[in-house]
Amino acid sequence: MKSSLALLLAPLTAVAAPTAGQAAESIDELIKAKDKLYYGTCTDQGLLTSGQSAAIIQTNFGQVTPENSMKWDQTENSRGQFNLAQADYLVDWATENNKSIRGHTLVWHPQLAGWVNNIRDPAELTTVIQDHVTELVTRYKGKIRAWDVVNEIFNEDGSLRSSVFSNVLGEDFVRIAFEAARAADPDAVLYINDYNLDQPNYGKTQGMIRNVAKWIAAGVPIDGIGSQGHLTAGLASQAGATIAALAATEGIKEVAFTEVDIVGASQQDYTAVTQACLDEPKCVGITVWGVRDSDSWRAQNNPLLFDGSFNPKPAYNAIVDLLSS
Ligand code: G3I
C-alpha cells in the first residue's frame with residue numbers, strides 16, 4: 001500500500017527526467033505553443049530499437065515520417081504481395097507515443113519495385129497505382145495525418161520528370177494517385193512533395209506552383225505542398241519567400257518543410273527555416289530528416305540537430321531560443 005505522500009508525489013515523479021542526449025526543452029512543445037502542429041523527424045524500426053532516437057523523439061519531437069519502410073520496394077516488391085511489418089511498426093510506435101505521422105511515399109520513381117518499372121500498358125499501370133495507394137492508405141486510415149502521395153515528379157526546370165509513371169500515363173498519374181488516396185481516406189491531408197523548392201523564382205518552384213494550381217482547378221484533390229529542404233549552407237535565407245510562394249498556390253490548404261537537413265547545421269540556417277514556417281500561416285510544421293548526424297543519408301555534412309552522441313547541437317538550442325522568444 002503506497003503512503004499518502006507517495007501517492008501525492010506520484011505525478012511529479014512520473015515524468016521521466018531527460019536522459020543523456022535528450023534536450024531539456026522540446027522544440028515540438030515550443031512550436032505547438034506558436035500554433036504550429038509539430039516539429040518532427042524521420043525514423044524507422046531499426047533506429048527506434050537502437051541508440052537513443054526513440055527517447056529523443058519521445059521527448060523532443062511530435063511527428064514522425066518513415067524514412068524508408070513505406071516506399072514501394074519495401075511494401076509491394078512483388079505485385080499484390082504486401083510486406084508492411086516495418087511500416088506497421090512505425091505507425092504503431094507513433095500511435096502509442098502520440099506522434100503525428102506523415103506517410104512517405106506512395107508514388108516515387110526511385111526505390112520502385114522492378115515489376116512496376118516494366119509496365120507499359122496505361123490501363124494496367126492505372127490499376128497498379130490504384131491498388132498500391134488503396135492498400136496503404138486504407139491500412140493506416142485515421143492513423144496517418146498526411147501522405148506524400150507523389151514525390152519528386154519535376155525536373156529542375158519545372159517540367160515533368162521522365163519516369164514509368166509519366167512515360168506511360170503522362171501527367172494523369174498524378175490525378176490517379178491523388179483520387180485513389182482521397183477515396184481510401186477522405187480525412188488524410190494529401191501532399192505533393194519535392195526538393196530544391198528553396199528559391200521562389202527557381203524553375204522547379206514555379207513549375208510546382210503552375211502545375212499544382214492547374215491540377216487543383218481540374219479537380220485533383222491536392223491539399224498540400226511539401227518542401228523537403230535538403231539545403232546547402234546559407235540557402236535557408238530564401239526559405240521564407242519560397243514557402244510563402246508555395247503557400248500562395250491557388251487551392252493549396254497547407255504547406256510544410258518535410259525533410260530538412262542543412263549542410264553544417266548553422267544556427268542561422270535552422271532558425272531561418274523555423275522562422276519561415278512561423279511567418280507562413282499555412283505552414284503546419286517542420287520535419288527534420290533524422291535525429292543524429294551519423295544516421296543521416298548525408299552524414300558527412302553534419303546536417304542535423306543532434307550529434308553522433310545524441311547530444312543537441314547549437315542549432316537545436318538556437319531553435320529553442322527562437323521559439324521561446
Ligand atoms: O534495406 C537495405 C539493406 O537490406 C541493404 O543491406 C542495404 C545495403 O545495400 O541497403 C538497404 O537499403 C537502403 C535504404 O536506404 C535503407 O537503409 C538503400 O540502399 C538506400 O538507398 C536507402 O537510402 C534512402 C534514400 O532515401 C533512398 O533514396 C535514405 O535512407 C533516405 O534518407 C532517403 O530519403 C529520401 C527521401 O525518401 C525522399 N527525398 C530525398 C531523401 C534523401 O535521398
Side-chain angles (χ1 to χ4, degrees), residues 22-43 56-66 94-95 97-104 143-148 187-195 197-198 200 222-231 235-249 252-262 265 267-291 303-306 312-313 315-325:
Q22 290 165 298
E25 297 260 19
S26 166
I27 54 177
D28 179 67
E29 288 175 11
L30 289 169
I31 206 168
K32 281 180 167 72
K34 298 282 189 183
D35 297 325
K36 297 300 176 180
L37 296 185
Y38 57 76
Y39 224 119
T41 187
C42 75
T43 190
I56 289 172
I57 297 170
Q58 284 168 329
T59 308
N60 302 140
F61 292 103
Q63 174 271 330
V64 289
T65 303
T95 304
N97 286 278
N98 194 29
K99 304 300 175 186
S100 181
I101 307 169
R102 297 194 80 260
H104 176 81
K143 293 181 178 179
I144 289 185
R145 178 190 179 272
W147 277 99
D148 289 334
D187 295 328
V189 182
L190 305 182
Y191 274 72
I192 180 170
N193 190 50
D194 216 325
Y195 63 90
L197 300 176
D198 309 310
I222 303 172
D223 301 313
I225 296 175
S227 176
Q228 293 181 10
H230 297 295
L231 299 177
L235 191 52
S237 61
Q238 299 187 57
T242 317
I243 202 72
L246 293 168
T249 302
I252 279 298
K253 301 182 183 70
E254 65 179 63
V255 293
F257 289 100
T258 56
E259 305 180 14
V260 179
D261 46 40
I262 305 174
Q267 298 173 69
Q268 184 177 4
D269 281 338
Y270 266 104
T271 53
V273 170
T274 305
Q275 189 65 57
C277 188
L278 293 178
D279 291 344
E280 174 44 57
K282 290 185 183 178
C283 182
V284 298
I286 300 166
T287 304
V288 294
W289 204 241
V291 173
L304 296 175
L305 296 176
F306 291 78
K313 294 161 59 177
Y316 184 96
N317 298 325
I319 293 170
V320 168
D321 292 345
L322 172 69
L323 293 174
S324 302
S325 63

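The side-chain hydrogen bond (donor to acceptor under 3.5 Å, both in side chains) search around K34 returns none, not counting sequence neighbours. Under the salt bridge (Lys or Arg N to Asp or Glu O under 4.0 Å) criterion, K313 pairs with D293, not counting sequence neighbours. In this structure Y316 satisfies the ring pair (Phe, Tyr, Trp, His ring centres under 6.0 Å) test together with F306, sequence neighbours excluded. Under the disulfide (SG to SG under 2.5 Å) criterion, C42 pairs with no residue, sequence neighbours left out. Remark: E254 engages R145, Y191 in a side-chain hydrogen bond (donor to acceptor under 3.5 Å, both in side chains) (not counting sequence neighbours). Qualifying side-chain contact (heavy atoms from CB on, under 4.5 Å) partners for T95, counting only residues two or more places apart in sequence or in other chains: V91, I101, K143. Listed by chain and residue number, nothing satisfies the side-chain hydrogen bond (donor to acceptor under 3.5 Å, both in side chains) test with D198 (two or more places apart in sequence, or in another chain). Considering only residues two or more places apart in sequence or on other chains, E25 meets the side-chain contact (heavy atoms from CB on, under 4.5 Å) condition with L30, V320. Every residue two or more places apart in sequence or in another chain that forms a side-chain contact (heavy atoms from CB on, under 4.5 Å) with A272 is listed here: A236. Among residues two or more places apart in sequence or in another chain, the side-chain hydrogen bond (donor to acceptor under 3.5 Å, both in side chains) test is passed with T287 by Q63. Residues that satisfy the side-chain contact (heavy atoms from CB on, under 4.5 Å) test with Q268, not counting sequence neighbours, are S266.
Counting only residues at least two apart or in different chains, side chain to side chain donor-acceptor pair (under 3.5 Å) contacts with residues 271-280 comprise Y39-T274, Q275-D279.
Closest non-hydrogen pair, Q238 versus P200, comes out as OE1-CD, 3.6 Å. For I144 against A146, the heavy-atom pair with the smallest separation is CG2-O, 3.2 Å. Between A276 and A239, the shortest heavy-atom distance links the atoms CB-C, 3.7 Å.
In this structure the side chain of V189 never reaches within 4.5 angstrom of the side chain of W147, judged on heavy atoms. Side-chain contact check for T249 versus I225: some heavy-atom pair is nearer than 4.5 Å. For the pair Y38 and V284, the minimum side-chain heavy-atom distance is below 4.5 Å.
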Test side-chain hydrogen bond (donor to acceptor under 3.5 Å, both in side chains) on N193 and E259; report intermediate values, then the result.
CA-CA 10 Å; N193 190 50; E259 305 180 14; 3.1 Å; yes

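Checked options I262, T41, V260, D261; the residue passing with W289 is D261 (criterion: side-chain contact (heavy atoms from CB on, under 4.5 Å)).
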